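Only a predicted model underlies this, so the values are computations on that prediction, with no experimental measurement involved.
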Amino acid sequence: MPEPQTTPRLRSLDGLRGLAALVVVVHHAVLTIPALATPYFAPYEATTEGSPAWWLSYTPLHLLWAGGEAVVVFFVLSGLVLGLKARSPRFDWGGYFPERLARLYLPVVAAVAFGVAVASAFPRTGNGSLGPWIAQRPTGPSLTGVIHDLTLVFGPSRLISPLWSLQWEVIFSMLLPLYMVAAVALRRTPLLLAGLCIAASSVGYYAGDGWLTYLPMFGVGVALSDLVTTTPRTSRRARWGWTVAAVGGLLLISSRWSLAPAVAPSAGATALTGALVVLGAAVLVAAAVHARPLVRMLELRPVVWLGGISFSLYLIHEPIVIATAELLGPGRGPLVLPIALAVAIPASAAFYRLVERPSHRLAKRVGVWFRTESARQGDPVRRSDELVESSHRGA
């Protein structure tokens, strides 16, 4: 999921987050085109080589709609941002937990209400002629589904499918102290921590276990927080090196699709390509801080603006995409993307202004209140944070 805005010194990460959120929107819009949804749901089935669907599915062009891979980037980004935050001398565990929960859940509550309203105003038919993705969406809200969406940790319904990633975001946020303990224990070898996390995620892909697949991705970001500096290297060799790394990261992220026609389907292939995707996401996130050409692009004003509303865009775009596809009907899938974007982006800007930004302000107040209370009472969690920070400073 897109993480709300970070420090001004890392504005390029906001831009990366915005582009990743845009890719998720494109991903869902493209899935309303049956010719492209079919290879997505059955990636090892034959698609006519050289056809438009083949080029968009099995080459690096898939990056334009690689929604699942974009979520991996979100997870690594979230680990990096919270890892950097937890290392700050001003960080306070007592205020962190309530602030973090409020920061995540308040916009989610509003997004669920929005999704229910859109699904009720534009009833879903589950029309199979719109492709397998639409056919698998719930035809309408249910009380059980809404409860699951509002709690997240028990697994959300598919009424607003992007909420699946928020489940892991919440769990990671609550487990952040354990991640920081691991980061402190391996503070002299952060690459080892990153490697162990990538290996664990690969095992999760192999076993089909969500906990083991997704939670280590955040750990990769936490490890990066000990490697990534906010001061870019300016030597010519460093600039070229990070630019090449950025390209390599993108190729790794798309490797699952590029390798699909040549690799027999197996749990081992899934584990291998999963590890490559996580590695590519880590390289891309680091390059987004250090690769000057990439940084300049990501810090363009429209891109940073998109990053600012990325969480809102991520939360509310899918009901708009599905309503657009249902209204247009079969055979008009290519029109879904431009129309959905024309509606979703301004709607997300309004959602950010009316919901997300006030939620952030309220979350900060909640955090300040709890931080003051924990400091007054000498909360032991606060003292453990100071120990973590002092250990890091001594590294």
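Looking only at side-chain heavy atoms (C-beta outward), Phe97 and Pro177 come within less than 4.5 Å of each other. Side-chain atoms of Val146 and Val116, non-hydrogen and from C-beta on, do get closer than 4.5 Å to each other. With contacts defined as side-chain heavy-atom distances shorter than 4.5 Å, the pair Tyr214/Gln167 does not qualify. Ser258 is listed as a side-chain neighbour of Pro60, based on a closest heavy-atom distance under 4.5 Å. Using a 4.5 Å heavy-atom cutoff, the side chains of Val170 and Tyr105 are in contact. Pro98 has its side chain out of reach of Trp369: every pair of non-hydrogen atoms, C-beta onward, lies at least 4.5 Å apart. Side-chain atoms of Leu176 and Lys85, non-hydrogen and from C-beta on, never get closer than 4.5 Å to each other. Here the side chains of Leu104 and Ser173 are in contact, with some heavy-atom distance below 4.5 Å.
Exactly one of Tyr314, Trp133, Trp65 qualifies for a ring-ring contact (aromatic ring centres under 6.0 Å, His included) with His28. That residue is Trp133.
Tracing side-chain contacts under 4.5 Å through hydrophobic residues (I, L, V, M, F, W, Y), one reaches Leu101 starting from Tyr179; they form part of the same cluster. Cluster membership for Leu284 and Val295, using ILVMFWY side-chain heavy atoms within less than 4.5 angstrom, is not shared. Taken together through direct or relayed side-chain contacts under 4.5 Å among Ile, Leu, Val, Met, Phe, Trp and Tyr, Leu250 and Val23 form parts of separate hydrophobic clusters. Two different hydrophobic clusters hold Leu212 and Leu178 under the rule that ILVMFWY side chains link at heavy-atom gaps under 4.5 Å. Placement of Val118 and Val112 within a single hydrophobic cluster is found when ILVMFWY residues are connected by side-chain heavy-atom separations under 4.5 Å, directly or transitively.
At distances below 3.5 Å, at least one donor-acceptor pair connects side-chain atoms of Arg187 with backbone N or O atoms of Val184. Formation of a donor-acceptor pair under 3.5 Å by the Thr213 side chain with backbone atoms of Asp209 is found in this model. Using a distance-only test at 3.5 Å, with no hydrogens or angles considered, no donor-acceptor pair links the side chain of Glu69 to the main chain of Val277. Judged by distance alone, with hydrogens and angles left aside, the side-chain atoms of Ser165 form a donor-acceptor pair with the main-chain N or O of Pro162 at under 3.5 Å. For Ser202 (side chain) and Ala271 (main-chain N/O), a donor-acceptor pair under 3.5 Å exists by modelled atom type. With hydrogens and angles ignored, the 3.5 Å screen pairs no side-chain donor or acceptor of Ser161 with any backbone N or O of Arg158. Between the side chain of Ser201 and the backbone N or O of Cys197 there is no donor-acceptor pair closer than 3.5 Å.
The minimum heavy-atom distance linking Leu36 with Ser57 is given by the pair CD2-OG, 3.9 Å. The shortest non-hydrogen separation linking Ala110 to Val355 is CB-CG1, 3.5 Å. Between Ser157 and His148, the shortest heavy-atom contact is N-CB, 4.1 Å. Among all heavy-atom pairs drawn from Val222 and Ala183, the shortest one is CG1-CB, 3.9 Å. Taking both residues in full, the closest heavy atoms of Ala111 and Phe351 are given as N-CZ, 3.8 Å, listed atom of the first, atom of the second, then distance. The two atoms that bring Ile160 and Gly115 nearest to each other are CD1-CA, 3.9 Å, heavy atoms only.
More than 12 heavy-atom neighbours from other residues, nucleotides or ligands sit within 6.0 angstrom of CZ on Arg357. Heavy-atom neighbours of Trp305 CH2 from other residues, nucleotides or ligands within 6.0 Å: above the threshold of 12.
To the nearest 0.5 Å, the span separating OG on Ser348 from CD1 on Ile320 amounts to 6.0 Å. Considering CG of Leu13 and CG of Leu80, their distance stands at 6.0 Å, rounded to 0.5 Å. Atoms CG and CG, from Leu163 and Asp149 in turn, are 5.0 Å apart once rounded to the nearest 0.5 Å. Phe91 CZ to Leu82 CG: the interatomic distance, rounded to the nearest 0.5 Å, is 7.5 Å. Expressed to the nearest 0.5 Å, how far CE of Met180 lies from CG of Asp226 amounts to 8.0 Å. Here the straight-line distance linking atom NE2 of His62 with atom OH of Tyr40 works out to 7.5 Å at 0.5 Å rounding.
For Phe75 and Phe172, the ring centers sit 6.0 Å or farther from each other.
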Legend entry - Leu106/Leu362 under side chain to side chain contact (heavy atoms under 4.5 Å, CB included): CA gap, chis, key distance, verdict: CA-CA 9 Å; Leu106 291 175; Leu362 178 58; 3.8 Å; yes
Legend entry - Step-by-step side chain to side chain contact (heavy atoms under 4.5 Å, CB included) determination, Met297 to Leu19: CA-CA 11 Å; Met297 184 194 75; Leu19 292 182; 4.0 Å; yes
Inset, instruction - Dump the intermediate steps for side chain to side chain contact (heavy atoms under 4.5 Å, CB included) on Leu175 and Phe218, then the final yes or no. - result: CA-CA 10 Å; Leu175 295 178; Phe218 296 98; over 6 Å; no
Legend entry - From CA spacing to verdict: side chain to side chain contact (heavy atoms under 4.5 Å, CB included), Trp257, Leu56: CA-CA 10 Å; Trp257 296 96; Leu56 287 171; over 6 Å; no
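Looking only at atom types and distance, the side chain of Ser310 has no donor-acceptor partner in the side chain of Arg17 under 3.5 Å away.
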